Engineer: 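Got a structure for you, questions after.
As the structure is a computational prediction, the values presented were derived from the model and not from experiment.
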Amino acid sequence: MEPEIVEIEPVGPSSRPLRYAPAPAPQWRAPPPPPPLPPPPMTASSGASAAEASASASAVTAALQFDSEKLPQTLVLEIRPFLRVANQIEADSPRVAYLCRFHAFEKAHMLDPRSTGRGVRQFKTTLLQRLEQDEKSTFSKRKERNDAREIKSFYEKKKQANAHQLMPVLGEVLKAVLIGTGLENLVASEDFGDKSGFRYNIIPLHPRSSQQPIMLLQEIKVAVSAVFNVRSLPLANVKGEKSQTDIFRWLQSWFGFQKGNVANQREHLILLLANMHARLNPKSSSAPMLDERAVEELLAKTFENYLTWCKFLGRKSNIWLPSVKQEIQQHKLLYISLYLLIWGEASNLRLMPECLCYIFHHLIPAYEKKNTLLIPLALLRPSGCPG
């Protein structure tokens, strides 16, 4: 051991020379023991509860081992909805969740029976292992006599709870389970089609969702009523129920905008109108109608840049309003809706506002002598170019 030099402070008038002193050896100390774990809570049926807890823990662990989001690209659109619904209803009905995953496996096998796609074989193997694990554990938790009545009962329960986002998936699984059981008459009158109103961001616009809390707000009611007002517009080729036609579907029938863009911008406009209607001061005197001040404010904010663009180029604005007072608000909403739909599909052109102004300007030629507001153009080209 190397010696350590220690300097001794002088005492009195004399001082001592430096001397060598060995450094003290470090002493090893054992680490303190960990604190004891708290005892588990005691219950009357400790043995049964322990077994149930272990079973539930194993079920949760198994559920965590299966990821419904990491799917082969060739199966994402067809398989992911069933796996998501299965994860969502796992706690309410494990057997129905098992049936949803089983149906997803059958669809995946029909889409790629030889598992030639990238990652398909691995996905099938993982899902099949999960199904084999859940088959017996979920069978004991079934409440009805068979799987057909089990999923039918669960479907009716969710239908009464207005869980519309689950209906298309549960309906397809129910139809698949009933095939060959002789119980097809249980759903003979059911319509399992995927309604556009089932999917929404904030506002559930499906007729069955009229009693949702957000739909009971007065500003939402008047905004929805204004957007769905198409009484004075020419008839359009709109598929589906005519009673659910609004100005966005009317524009879609003319210009062919994408379905997702139409749904998003419909909610966007309703929320903008409801927000401005609620912030009016003084409040509107006509409670059941959308206040004209809210529409005028939104129109001015939306087309402020467009009017500046027209003024800079020396062009006349194509925003034209009819002489009939009852139709003015509807035409204003049509112009705003068309601009929002263009913006929704503009992609990177949103970074060039002058391009949006150009598209909007040439997409709505005003017809002063006709009642028709919007006539779609076959090609977008500057005025003066040969056709």
Side-chain angles (χ1 to χ4, degrees), residues 202-203 217-233 246-248 250-252 254-255 257 261-262 264-346 349-368 371-375 380 383:
I202 299 176
I203 306 177
L217 298 176
Q218 186 62 34
E219 56 269 21
I220 295 293
K221 288 182 178 180
V222 297
V224 171
S225 176
V227 170
F228 278 79
N229 178 23
V230 292
R231 286 191 296 270
S232 60
L233 297 177
D246 58 276
I247 57 180
F248 284 92
W250 191 87
L251 290 170
Q252 182 187 23
W254 283 97
F255 298 101
F257 291 107
N261 180 38
V262 170
N264 288 333
Q265 299 308 324
R266 181 188 294 116
E267 286 194 37
H268 186 191
L269 179 59
I270 291 175
L271 291 174
L272 288 175
L273 293 173
N275 185 25
M276 293 185 174
H277 182 86
R279 291 188 293 109
L280 289 176
N281 191 14
K283 297 297 182 181
S284 174
S285 57
S286 56
M289 299 293 294
L290 181 64
D291 197 290
E292 183 64 29
R293 293 174 294 170
V295 181
E296 186 64 31
E297 180 183 358
L298 182 58
L299 183 74
K301 289 184 177 181
T302 303
F303 294 108
E304 179 181 3
N305 186 59
Y306 168 71
L307 297 177
T308 305
W309 178 82
C310 291
K311 184 178 180 180
F312 178 79
L313 296 179
R315 297 296 185 99
K316 184 179 179 181
S317 170
N318 276 344
I319 297 180
W320 170 84
L321 298 177
S323 57
V324 182
K325 185 177 180 180
Q326 290 76 10
E327 300 178 359
I328 293 178
Q329 182 182 106
Q330 183 186 66
H331 282 60
K332 291 179 180 179
L333 294 178
L334 275 169
Y335 283 120
I336 297 173
S337 303
L338 179 61
Y339 189 84
L340 292 178
L341 289 171
I342 295 173
W343 179 87
E345 297 188 21
L349 289 181
R350 299 172 189 172
L351 305 178
M352 303 175 65
E354 62 275 12
C355 289
L356 297 182
C357 296
Y358 172 83
I359 295 174
F360 177 81
H361 184 79
H362 287 276
L363 202 60
I364 53 162
Y367 284 77
E368 299 179 356
N371 292 329
T372 303
L373 172 64
L374 302 172
I375 301 296
L380 295 178
S383 58

Engineer: Write down the atom of T302, the atom of L298, and the distance for their closest heavy-atom approach.
Structural biologist: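 Looks like OG1-O, 2.7 Å.
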
Engineer: Please identify each residue that fulfils side-chain contact (heavy atoms from CB on, under 4.5 Å) with L321, with sequence neighbours left out.
Structural biologist: I328, H331, K332, Y335

Engineer: Which pair of heavy atoms, one from Q265 and one from G344, lies closest together, and at what distance?
Structural biologist: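 For Q265 versus G344, the nearest heavy atoms are NE2-CA, 3.9 Å.
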
Engineer: In chain order, what residues pass the side chain to side chain donor-acceptor pair (under 3.5 Å) check against Y339, with sequence neighbours excluded?
Structural biologist: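 If we apply the side chain to side chain donor-acceptor pair (under 3.5 Å) test to Y339, skipping adjacent residues, there are no hits.
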
Engineer: What's the shortest heavy-atom distance between A226 and Q329, and which atoms?
Structural biologist: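 Shortest heavy-atom separation between A226 and Q329 comes out as CB-OE1, 4.1 Å.
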
Engineer: For R293, enumerate each residue passing the salt bridge (charged side-chain N to carboxylate O under 4.0 Å, His left out) test, keeping only those at least two apart in sequence or located in another chain.
Structural biologist: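 So R293 forms a salt bridge (charged side-chain N to carboxylate O under 4.0 Å, His left out) with D291.
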
Engineer: Can you confirm whether N318 sits close enough to F360 that some side-chain heavy atom of one is under 4.5 Å from a side-chain heavy atom of the other?
Structural biologist: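 No. Closest side-chain heavy atoms not under 4.5 Å.
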
Engineer: For R350, give me all partners under side chain to side chain donor-acceptor pair (under 3.5 Å), at least two apart in sequence or on another chain.
Structural biologist: none

Engineer: Once side-chain contact (heavy atoms from CB on, under 4.5 Å) is applied, do any residues pair with I247, and if so which ones, sequence neighbours excluded?
Structural biologist: V227, V230, L233, L269, L333, L334, S337

Engineer: For W343, which residues count as a ring pair (Phe, Tyr, Trp, His ring centres under 6.0 Å) partner, sequence neighbours excluded?
Structural biologist: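 Partners of W343 by the ring pair (Phe, Tyr, Trp, His ring centres under 6.0 Å) criterion come out as none, since no residue qualifies.
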
Engineer: Are I319 and Y306 packed together at the side-chain level, in the sense that at least one heavy-atom pair is separated by less than 4.5 angstrom?
Structural biologist: yes

Engineer: Quick one: closest heavy-atom pair of L271 and I202, and the distance?
Structural biologist: CD1-CD1, 3.8 Å

Engineer: Quick one: list whatever passes side-chain contact (heavy atoms from CB on, under 4.5 Å) with A274, sequence neighbours left out.
Structural biologist: E219, I220, A223

Engineer: According to side-chain contact (heavy atoms from CB on, under 4.5 Å), who are the partners of N305, at least two apart in sequence or on a separate chain?
Structural biologist: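 In terms of side-chain contact (heavy atoms from CB on, under 4.5 Å), with neighbours along the sequence ignored, N305 is linked to P353, C357.
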
Engineer: Is the shortest heavy-atom distance from the side chain of L338 to the side chain of F257 under 4.5 Å?
Structural biologist: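 Of all side-chain heavy-atom pairs linking F257 with L338, at least one is under 4.5 Å.
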
Engineer: Kindly write out the residues that satisfy salt bridge (charged side-chain N to carboxylate O under 4.0 Å, His left out) with K301, not counting sequence neighbours, or none if the list is empty.
Structural biologist: E297

Engineer: Which residues pass the salt bridge (charged side-chain N to carboxylate O under 4.0 Å, His left out) test with E345, not counting sequence neighbours?
Structural biologist: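 Salt bridge (charged side-chain N to carboxylate O under 4.0 Å, His left out) list for E345, sorted by chain: empty.
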
Engineer: Provide the full list of salt bridge (Lys or Arg N to Asp or Glu O under 4.0 Å) pairs with a residue in residues 274-283, sequence neighbours left out, each pair given once.
Structural biologist: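 Sorted pair list comes back empty.
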
Engineer: Can you find a pair of side-chain heavy atoms, one from L273 and one from V222, that are under 4.5 Å apart?
Structural biologist: no

Engineer: Return the minimal non-hydrogen interatomic distance between M289 and H277, and the atom names on each side.
Structural biologist: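 Closest pair (atom of M289, atom of H277, distance): O-CE1, 3.7 Å.
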
Engineer: Do the non-hydrogen side-chain atoms of K221 and L217 ever get within less than 4.5 Å of each other?
Structural biologist: no

Engineer: Excluding sequence neighbours, so at least two apart, what forms side chain to side chain donor-acceptor pair (under 3.5 Å) with Q252?
Structural biologist: none

